[in-house]
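What follows is a short report on a single structure.
Numbering starts at 1 and runs along the sequence shown. When reading the values below, keep in mind they use all heavy atoms of this one structure, side chains included, and skip hydrogens, waters and symmetry mates.
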Amino acid sequence: NVILLGAQYLRITAPVYLLFGVCNALYSCFNSLEMVQYVFSGNAICSISNLILSYLLIPRIGVIGAGISSLVSRIISLAFVTYVLFKKSKTAYSILDISNKEDTNLLKDFLHVAYPVMGHELIWSVGNNMPQILMGRMNTIATSSYGIAINLCQLLSIVQTGLGSA
């Protein structure tokens with residue numbers, strides 16, 4: 001039963017992981033440009049919209065409502081971050097800027113730096129998800145306990161990051 005519910009949730013939330021990656025990349029850019037207020041605002045918008053949508057949808061449609069609220073809140077957050085990137089930031093570039101025909105060295109330099117970073121992130125993402133894959137093969141009590149522990153760990157990580165950035 002738990003596996004079927006998890007499968008329903010995952011079918012809906014699969015795009016969330018891609019959106020989360022894009023948001024985090026943009027948040028890193030904002031941090032490096034000292035635009036941290038937009039990182040906070042984006043996370044706050046995502047969290048508050050997820051909370052409101054979860055409150056409205058979960059009692060009505062259960063796990064599917066939880067998945068929809070996660071997906072919609074991440075889309076809202078990405079829309080906000082994209083708006084900030086193109087309207088408030090002075091650093092928005094496009095692929096066309098990098099692939100300028102007159103300066104082919106820029107694209108080569110970009111790819112020279114980007115390929116190792118993409119490889120690292122691919123390896124990191126597989127390794128980072130391995131505990132969840134292994135826990136998914138355990139019994140319900142172990143999986144539930146791990147879910148609680150990982151959420152607590154993430155909350156403490158947020159506090160640590162906030163204190164370290166202050």
Side-chain angles (χ1 to χ4, degrees), residues 6-50 53 66-138 143 146-147 149-166:
Q8 286 178 337
Y9 180 79
L10 190 58
R11 275 190 214 102
I12 296 168
T13 60
V16 171
Y17 299 104
L18 177 64
L19 299 174
F20 178 75
V22 172
C23 282
N24 271 357
L26 293 174
Y27 290 156
S28 294
C29 292
F30 290 157
N31 283 334
S32 69
L33 296 170
E34 297 181 0
M35 298 172 66
V36 294
Q37 70 273 21
Y38 297 116
V39 175
F40 174 79
S41 299
N43 282 321
I45 287 169
C46 186
S47 297
I48 292 169
S49 62
N50 193 8
L53 289 169
I68 291 170
S69 66
S70 296
L71 179 61
V72 170
S73 63
R74 187 52 67 184
I75 291 170
I76 292 168
S77 174
L78 182 60
F80 170 77
V81 171
T82 304
Y83 169 79
V84 169
L85 177 68
F86 289 105
K87 296 296 182 185
K88 303 278 185 186
S89 172
K90 307 271 191 275
T91 60
Y93 293 102
S94 72
I95 296 297
L96 296 175
D97 295 329
I98 294 172
S99 64
N100 186 352
K101 300 257 191 257
E102 297 167 12
D103 187 8
T104 57
N105 288 333
L106 181 60
L107 180 61
K108 289 177 186 173
D109 289 344
F110 172 77
L111 293 175
H112 180 74
V113 172
Y115 283 140
V117 171
M118 289 188 292
H120 169 268
E121 293 301 316
L122 178 66
I123 294 168
W124 178 84
S125 64
V126 170
N128 195 42
N129 288 313
M130 208 44 69
Q132 287 84 351
I133 293 168
L134 295 174
M135 286 307 296
R137 303 203 181 274
M138 302 264 178
T143 304
Y146 180 76
I150 200 71
N151 284 328
L152 181 61
C153 181
Q154 288 172 342
L155 285 173
L156 293 174
S157 175
I158 291 169
V159 170
Q160 177 186 3
T161 303
L163 291 174
S165 299

Where Ile76 and Ser49 come nearest, the two heavy atoms and their spacing: CD1-CB, 4.2 Å
Interatomic spacing from CD1 in Ile75 to OG1 in Thr82 - rounded to 0.5 Å: 11.5 Å
Distance, nearest 0.5 Å, that separates OG1 of Thr13 from CG of Leu19: 11.0 Å
Glu34 atom CD: more than 12 heavy-atom contacts under 6.0 Å: no
Spacing of CG belonging to Asn43 relative to CD1 belonging to Ile48, to within rounding of 0.5 Å: 10.5 Å
Side-chain donor/acceptor of Ser77 to backbone N/O of Ser73, under 3.5 Å: no
Heavy atoms of other groups near Phe80 CZ, more than 12 under 6.0 Å: yes
For the student: nearest non-hydrogen atoms of Ser70 and Tyr9, plus distance: OG-OH, 3.3 Å
Short side-chain to backbone donor-acceptor contact, Ser157 and Cys153, under 3.5 Å: no
Residue pair Ile12 / Leu71: nearest heavy atoms and the distance that separates them: O-CD2, 3.8 Å
Atom pair OG1 (Thr161) and CD (Gln154), whose distance is rounded to the nearest 0.5 Å: 11.0 Å
Considering all heavy atoms, the nearest Tyr27-Tyr38 contact: CE2-O, 4.3 Å
Nearest-0.5 Å distance, CZ of residue Arg74 to CG of residue Leu18: 11.0 Å
Ser47 side chain to Ala44 backbone, donor-acceptor under 3.5 Å: no
Closest non-hydrogen atom pair between Ser69 and Leu53, with its separation: CB-CB, 3.4 Å
